Structures are given as C-alpha cells and as structure tokens.
Amino acid sequence: MTHSLLLLPGDGIGPEVTAQVERVVAALDAGISITKHDFGGASIDAHGVPLTEAALDAALKADAVLMGAVGGPQWAAQPYGNRPEAGLLKLRKEMNVFANLRPAVCFPALADASSLKRELVEGLDILFVRELVGGVYFGEPRGIETLPSGERRGVNTQVYTTSEIRRVAEVAFELALKRTGKVCSTEKSNVMESGLLWREEVQKLRDEHYPQITLTHMLADNCAMQLVKNPKQFCVIVTDNLFGDLLSDEAAQLTGSLGMLPSAAIGARSTDGKLRGLYEPIHGSAPDIAGQNLANPSAAILSLAMALRYSFDQHDLADRVENAVSQTLSDGIRTTDIWMQGCTKVGTTDMGKAIITRL
Ligand code: NAD
C-alpha cells in the first residue's frame, strides 16, 4: 500500500456516497489503503462526541481524509460545542487545513441544469481558494451576552493576521500558475479594516514573489454580482472564510447541482513532503433523501479525484476519475437531482457502477 485514506462517512447521505468512493478506490487498484471512523452525528450516537480522539488521531496520521457529510435535525438540540458541525470545525482546525479549494466547474452535459443561460456557464471553470481556519467563524471575542439594560448582544470578531492572509494567497498564486495565472482577491476593504489588510497583504505578496500573476481586487458584494453576470471572467478567486463560504455556494448553483461539486482543504506541505488534505463534497447530509438510494455520489467521487491530485500526486488517476464522471453524464446516466428528459434515471449505487464502468 502506498497511500492511506481515512474515510469519515458521517451522517445522512454521507455513508451512501462514501460507499461509492470505496468502490472506486477498489476499482482503481492503486495501492490505497482505507480505514474508517464514525464522525458527526453518528459519532455522537455511538461515542457521545462528534469527533473522538481515535478518529482525530487517525486523521492526523492519514495521507488524506475523505468525509461524506455531517449533521441533521436529530442533533439540533445538542449544545453548539457538541454538534456534528463542531466536530468538523475541530477537525479542520487540528489538521490546520487553512486553504479550502472549491472548484466550480460546469460539465458540458449539465450546462442546461444551471439557473443561468447556457452561454454564460458553458465551459465555466473557477477555482475558489477560501481561507478556512480563521476570520469571523473563529475570532474572539464571541458569544451572546445580556447587557445591563436587559437587552441581549451577539458578538463575533472578524480578525486576520499577515501570515494567515499570505499563506492562503500563496496557495492561490501557486494554483493559478498552473492555470491562466489570473487571480481575483475579494474582501470589503471599503468598510472593514481586516479587508484593507487583506488587500494590501495579497498585493504585497504578489509584488514580492509572483510578478507573473495577474492580480485584481474586487469588493465581495460586486463579486457576488459579477458571478451571476459574467462568471467566466474569473479563474482563481481568493477570499476569506465568510465571503468564501457565501460566494462559493453561489458559484455552486451556477454549475447546476450541489451533488456535483467536490472540495479540498489543504495546509502546508509537511516535512516528509506530503500535502495532507481533508476532502469532502460541498453538499450536506441531505436528510430529505437520506437512506433512499437517491443521492448523487459524483461530488464525493470527484473529491477522491482531488485527493488523488493534491495529496497522492497521482494526476493521471485523478484525470481518469474526472473523465469517467464526465463521460457518465454525457452518456445520459443521471441521478434524480441532475436528471433531464431523455436521460436514464439511476440511483446512488447504479451511478457509482456507471462511473466505475467508464474508468
Ligand atoms: P444539503 O446540502 O444537505 O441539502 C440541500 C438540498 O440539496 C436538499 O434538497 C438535498 O436533497 C439536495 N442534495 C444535497 N446533496 C445532494 C446529492 N449528493 N444528491 C442529490 N441531492 C442532493 O443542505 P441542507 O439541507 O441545508 O443541510 C442538511 C444538513 O447538512 C444540516 O444539518 C447541515 O448543517 C448539514 N451540512 C453539512 C455540511 C458538511 O458536512 N460539510 C455542509 C452543508 C450542510
């Protein structure tokens, strides 16, 4: 075995889509060893916490971690610190995966599934690089307090340091060098000091080390508008945790379905030269369709392709997996979420099977 992959199936449709990933790994026969742990709500039910020490330890040792999804209404009453999502935030923080890569790629066969006109999205290929372990989701102080007047006040803090900004911008620049060399950095420097710092530091890094990069800056609200007006103007977008969360979800809709989009969270290369990462489909646990063999496994399978590309350095295998998914769509084989007149409607397992057949 040459690479180790930890699977965290999680909740809802998570176990269904990661089961298809396991089948793809077996079909690739590429020396990838798989281990599995409970995660999220499933881990709360079995062990009382969303992320056990054993699961965390396995995640820190594995070459790559691939998770399904976490969460669901049955765990909504848990305190914030013990919710399925808290397990995910802790895992990201402990793995120190500070750069979230979210491709928004429109497969030609799905261009009509977008809410925008075909000509606006056909050939779309944007890579979001979102800062993942800092900013307003983690900043202190935070909390809800009662003021002397009896009124309540909720506080979150948007905070970034130079090094946090530079390391994620560096990831964006490095990836852009393998694409068109165009990077758009977005923030709200007109109204937020942290945004101004972001803009200045990204520009400084580009001027010092990446003169070949064509860097533009855009306010995040304008970026939200440009994404629906003329999305193909973008190649790589680098942004903070909060704006990245919103803008990459908006871009996801351009491509037609949540069930098609993978993501990767990576950190710095470790001393042994490995680039460990946490890979996950961007969709959630989809409680409305869980357990019914309806989920589209493509996003999870494409997340495996990203793991092959970034953590295992197996670009040829990554291409093969991506091409197999694309070919399956072109052949008109579709799960319900992306089904169109004239296509063959299949369930989760048969979609997995169709992709494996085309590998
Ligand atoms: P969701 O992504 O789970 O579902 C949104 C809609 O898209 C649903 O109608 C669902 O059926 C559909 N959908 C999602 N993935 C699909 C797939 N692979 N194939 C076909 N259809 C698919 O978002 P939600 O309903 O807002 O959240 C449900 C739960 O998931 C919540 O508990 C939320 O906190 C959690 N969540 C987890 C993650 C994660 O694990 N990273 C991300 C988002 C939401």
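Every value quoted in this text rests on a predicted model; they were computed, and no experiment measured them. Worth knowing before you read on, the calculation uses all heavy atoms, side chains too, and leaves out hydrogens, waters and symmetry mates. Ligands are counted one by one from 1 in listed order, and the atoms in each one are counted from 1 as well. Note that the numbering runs from 1 along the sequence shown for the chain.
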Exercise. Does Gly72 have a heavy atom less than 4.0 Å from any atom of ligand 1?
Worked result: yes
Exercise. Which protein heavy atom lies closest to atom 21 (N) of ligand 1, and at what distance to 0.1 Å?
Worked result: Ile289 CD1, 3.6 Å
Exercise. Where on Thr335 is there a heavy atom closer than 4.0 Å to ligand 1, on the side chain, on the backbone, on both, or on neither?
Worked result: neither
For this session: Identify, by atom number and element, the atoms of ligand 1 in contact range of Ala69, meaning under 4.0 Å from any of its heavy atoms.
Result: 40 (O)
Exercise. So, are Glu94 and Lys90 salt-bridged, with charged N and O less than 4.0 Å apart?
Worked result: no
For this session: Flag the pair Glu322 / Val105 as yes when at least one side-chain heavy-atom distance between them is below 4.5 Å, and no otherwise.
Result: no
Exercise. Among Ala286, Ala295, Gly284, whose heavy atom sits nearest atom 38 (C) of ligand 1?
Worked result: Gly284
Exercise. With a 4.0 Å heavy-atom cut-off (strictly under), which part of Val70 contacts ligand 1: side chain, backbone, both or neither?
Worked result: both
Problem set entry | Numbered atoms of ligand 1 (with element) below 4.0 Å of Leu258, judged on heavy atoms | 2 (O), 5 (C), 7 (O)
Problem set entry | Gly259: numbered ligand 1 atoms lying under 4.0 Å from its heavy atoms | 17 (C), 18 (N)
Exercise. Short list, please: which atoms of ligand 1 are under 4.0 Å from a heavy atom of Glu85?
Worked result: 32 (O), 33 (C), 34 (O)
For this session: For Gln203 and Arg206, run side-chain hydrogen bond (donor to acceptor under 3.5 Å, both in side chains): C-alpha distance rounded to whole Å, both residues' side-chain angles, the deciding distance at 0.1 Å, then the answer.
Result: CA-CA 5 Å; Gln203 185 65 50; Arg206 182 262 170 212; over 6 Å; no
For this session: Could you list the atoms of ligand 1 found under 4.0 angstrom from a heavy atom of Ile13?
Result: 15 (N), 16 (C), 17 (C), 18 (N)
For this session: Please step through side-chain hydrogen bond (donor to acceptor under 3.5 Å, both in side chains) for the pair Gln253 and Asp249, ending with a clear verdict.
Result: CA-CA 7 Å; Gln253 176 53 33; Asp249 260 19; over 6 Å; no
For this session: Could you check which of Gly10, Ala76, Ser285 puts a non-hydrogen atom nearest to atom 30 (O) of ligand 1?
Result: Ser285
Problem set entry | Lys61 with Asp57: basic N within carboxylate O range, under 4.0 Å | yes
For this session: If you have a sec, work out which protein heavy atom is nearest atom 9 (O) of ligand 1 and how many Å separate them, to one decimal?
Result: Asp288 OD2, 2.9 Å
Exercise. Of Ile338, Thr348, Asp337, Asn296, which has the heavy atom at the shortest distance from atom 18 (N) of ligand 1?
Worked result: Asn296
For this session: State whether a side-chain donor-acceptor pair under 3.5 Å links Thr349 with Asn293.
Result: yes
Exercise. For ligand 1, does Leu88 get within less than 4.0 Å through its side chain, its backbone, both, or neither, judged by non-hydrogen atoms?
Worked result: side chain
Seminar exercise, completed: Going by the 4.0 angstrom heavy-atom rule, the piece of Pro84 near ligand 1 is neither
Exercise. Considering only heavy atoms of Gly71, which atoms of ligand 1 have at least one such atom less than 4.0 Å away?
Worked result: 32 (O)
Exercise. Hey, are the side chains of Pro297 and Thr335 touching, using non-hydrogen atoms and a 4.5 Å cut-off?
Worked result: yes
Seminar exercise, completed: The complete set of salt bridge (charged side-chain N to carboxylate O under 4.0 Å, His left out) pairs with one or both residues in residues 156-173, sequence neighbours excluded, reads Arg166-Glu201, Arg166-Glu208
Seminar exercise, completed: Scanning both residues in full, the closest heavy-atom pair of Phe173 with Leu215 reads CE2-CD1, 4.2 Å
For this session: Starting at CG of Leu51, measure out to CG of Leu56 and round the result to the nearest 0.5 Å.
Result: 5.0 Å
For this session: Using the salt bridge (charged side-chain N to carboxylate O under 4.0 Å, His left out) rule, collect all pairs that involve residues 344-354, keeping only residues at least two apart or in two chains.
Result: none
For this session: Would you mind checking which non-hydrogen protein atom is closest to atom 14 (C) of ligand 1, with the distance to 0.1 Å?
Result: His283 CB, 3.7 Å
Exercise. Strictly by modelled atom types, are Asp45 and Trp75 linked by a side-chain donor-acceptor pair under 3.5 Å?
Worked result: yes
Exercise. Considering all protein heavy atoms, does one lie under 4.0 Å from atom 24 (P) of ligand 1?
Worked result: no
For this session: Report, in ascending order of atom number, the atoms of ligand 1 lying under 4.0 Å from any heavy atom of Met67.
Result: 40 (O)
Exercise. Nearest to atom 41 (N) of ligand 1, what protein heavy atom do you find, and at what distance?
Worked result: Glu280 OE1, 3.0 Å
Exercise. Going only through I, L, V, M, F, W and Y residues with side-chain contacts under 4.5 Å, is there a path from Trp198 to Phe234?
Worked result: no
Problem set entry | atom 28 (C) of ligand 1: nearest protein contact (heavy atom, Å) | Pro287 CD, 3.5 Å
